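What follows is one structure encoded as structure tokens, with my remarks underneath.
The chains referred to below are lettered A, B, ... by the order of the sequence lines, with proteins before strands, and numbering in each begins at 1. Just so it is clear, the model here is predicted, and its values are computed rather than measured.
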There are 2 protein chains.
Amino acid sequence: MPDQPLITPLPTAPDAGTELPVLGGPARERCDAARNRRRILSAAEALVARDGAVAVSMDQIAAAAGVGKGTLFRRFGDRAGLLRALLSDREGAFQEALIRGPAPLGPGAPPEERLLAFGPAYLHELQDYAELLSEVEASTVPGELMTGGPYALYRTHLTLLLRAANPRLDAEYHADALLTPLSAQLVLHQRDARGMDLERLAAGWQAQARGLLAI
Amino acid sequence: MPDQPLITPLPTAPDAGTELPVLGGPARERCDAARNRRRILSAAEALVARDGAVAVSMDQIAAAAGVGKGTLFRRFGDRAGLLRALLSDREGAFQEALIRGPAPLGPGAPPEERLLAFGPAYLHELQDYAELLSEVEASTVPGELMTGGPYALYRTHLTLLLRAANPRLDAEYHADALLTPLSAQLVLHQRDARGMDLERLAAGWQAQARGLLAI
DNA sequence: TTGTGAAGTGGACCGCAGTCCGCTTGTGTC
DNA sequence: GACACAAGCGGACTGCGGTCCACTTCACAA
């Protein structure tokens, strides 16, 4: 299982990873590089767990990992990339469940049911790592957030489901419109500052989706 | 007409402004301070018009205005506050139209119609200053964006309309859910990177709202 | 074992937003 | 007009994310 499943690697950081001993691919990773990557990730994980993602700086991570700062940026592109790498396992599992998992989230159920299952499932996953993902959202350059990374997959997924469930809709638009209320920053604010619990958010999201199916 | 209508001033920057010659209020603004504020705003406006909001730094604005950097931050709190001040006239006009303007955006029309008028009107306004507002969104600390500033008014407005139009809804949730797809960052991405024109965005938003009225 | 080129490294460096505090200046009082 | 004091000022300073490039280390071939 790759370290960063389904996340397109940065052009500057191929990160082919996964120490396959055979089949020297187009660009194998040198073993000292792999060792440093592990060091960086485990140092970052420990610091984030202790102090929270907001309070951890790239210098701190570099120092804790015993590498230079340049190595962090060569490996992960920018701060958002490093934080995203910390999430990749969990995000990968969710993406896997979307594509190959059991119904109604995975294939097998009718598109209406799969659509209605998405929001609550995503919100449930989000509870664990909302703070980290919120930090990723904040430190990603605006346009890039929607373009690459996991959002592109979710957008495609929702577009296909919407198109199948109600062909009269502008599926592309509504995929965005259903995805933005799931933003980690918003959900965190709703949960912590306004006291809206998970069930309420999930029910609201489903109502939003059901409305689209009704027209 | 105040400089920053309906925008609650920062605690560190009272900005009572508006050179009222009479009625010495609780905290009159000294006239050199007012002169500097005008200098800063016009310098900022010129630089933003020339180079774009992203490319303009606080140091540049301070230098162009002929004041120290500390003055900028004393006056406007942070970068987002300064950029928001550049928008305040236009935002104020739109808020005015919401509250006291002609129907269907203003009062007089039934809530369903006022709701459906909001999205397209806001998107239309946004076209002019989307880049600036996107920069404000990006440089505002996450929680604060929804709490203060114009968003609070829009959220309240939508909440009231939704509650009146369909009492079965969780009006507070759906106010957020209808507001997030109007984020300047998203709209800019949809318009420029994905080639979705204004009519399409407006129609999509209305469909989203109409769905809520239907259930 | 040794040579070689590319992949990898790390810390000095840059421009940035935001803070701090000693100094200046305007204003109301006597 | 002189004074006192608070309001205002500004630039040096901090820590940050991110870049750069001279240097080191690895992997492979002869």
Side-chain angles (χ1 to χ4, degrees), chain A residues 10-17 19 21-22 24-40 43-44 47 51 53-84 135-136 138-141 144, chain B residues 10 12-17 19 21 24-40 43-44 47 51 53-84 135-136 138-141 144:
Chain A
L10 300 166
T12 55
D15 205 39
E19 304 77 4
V22 290
R28 277 282 308 280
E29 183 182 43
R30 250 165 60 171
C31 78
D32 56 339
R35 188 201 60 212
N36 277 340
R37 198 191 57 220
R38 282 192 302 268
R39 276 191 195 172
I40 292 167
L47 284 172
D51 300 334
V54 179
V56 176
S57 74
M58 296 296 270
D59 294 77
Q60 280 175 25
I61 296 172
V67 302
K69 205 159 92 164
T71 305
L72 264 64
F73 285 93
R74 148 171 277 267
R75 191 67 41 198
F76 299 101
D78 58 9
R79 178 181 166 81
L82 173 49
L83 296 181
R84 216 182 303 134
E135 186 67 11
V136 171
S139 57
T140 301
V141 44
E144 203 170 330
Chain B
L10 298 167
T12 54
D15 204 39
E19 303 78 4
R28 276 282 307 280
E29 183 182 45
R30 248 166 61 171
C31 77
D32 56 340
R35 188 201 59 212
N36 277 339
R37 198 192 55 219
R38 282 192 302 269
R39 276 192 195 172
I40 291 167
L47 283 172
D51 300 335
V54 179
V56 176
S57 75
M58 296 297 271
D59 294 77
Q60 281 175 24
I61 296 172
V67 303
K69 205 158 91 164
T71 306
L72 265 63
F73 285 94
R74 149 171 277 268
R75 191 64 47 194
F76 299 101
D78 58 9
R79 178 182 166 81
L82 173 50
L83 297 181
R84 218 182 303 133
E135 186 67 10
V136 171
S139 57
T140 301
V141 43
E144 204 170 329

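In this structure, R75(B) reaches the dC9(D) phosphate: one of its side-chain N or O atoms is under 4.0 Å from OP1 or OP2. OP1 or OP2 of dT9(C) has at least one side-chain nitrogen or oxygen of N36(A) nearer than 4.0 Å.
Of the candidates dG18(C), dT27(C), dG18(D), dT27(C) carries the atom nearest the C31(B) side chain, counting heavy atoms from C-beta on. When the nucleotides dC16(C), dC9(D), dG17(D) are ranked by their closest atom to the side chain of R74(B), dC9(D) comes out on top. With distances taken from any side-chain atom of A33(B) to the nucleotides dG18(D), dG8(D), dA17(C), the minimum falls on dG8(D). Considering only the side chain of F73(B), dT19(C) comes nearest among dG18(D), dC16(C), dT19(C). Among dG18(C), dG18(D), dA27(D), the nucleotide with an atom closest to any side-chain atom of R30(A) is dA27(D). Checked against dG17(D), dT9(C), dG10(D), the side chain of D59(A) finds its nearest nucleotide in dG17(D).
Distance L72(B) CG to dG8(D) P: 15 Å, rounded to the nearest Å. In this structure, the CZ atom of R39(A) is 13 Å from the C1' atom of dG8(C), given to the nearest Å. Between F76(B) atom CZ and dC9(D) atom C1' the separation is 15 Å, expressed in whole Å. If you take CZ of R79(B) and P of dT19(C), they are 15 Å apart, rounded to a whole angstrom. For the pair I61(B) CD1 and dG18(C) P, the computed distance is 11 Å after rounding to whole Å. Note: CE (M58(B)) to C1' (dG11(D)) measures 15 Å, nearest angstrom. Rounding to whole angstrom units, NZ of residue K69(B) and C1' of dC21(C) are separated by 16 Å.
For the pair R84(B)/F76(B), no side-chain contact is recorded, criterion being any heavy-atom separation below 4.5 Å from C-beta on.
Here the closest non-hydrogen pair linking R79(A) and A53(A) is NH2-O, 2.9 Å. When all heavy atoms of G66(A) and R39(A) are compared, the pair lying nearest together is O-NH1, 4.1 Å. Considering every non-hydrogen atom in both I61(A) and A43(A), the closest pair reads O-CB, 4.2 Å.
DNA chain D is contacted by both D32(A) and R35(B); R35(B) maps to the nucleotide lying nearer its 5′ end (nearest heavy atom per residue). Mapped onto DNA chain C by nearest heavy atom, A55(B) and G66(A) fall at different nucleotides, with G66(A) at the one closer to the 5' end.
Using a 4.0 Å heavy-atom cutoff across all strands shown, T71(A) reaches at least one base atom of the nucleic acid.
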Q) Taking it one step at a time, do L47(A) and Q60(A) satisfy side chain to side chain contact (heavy atoms under 4.5 Å, CB included)? A) CA-CA 8 Å; L47(A) 284 172; Q60(A) 280 175 25; 4.2 Å; yes
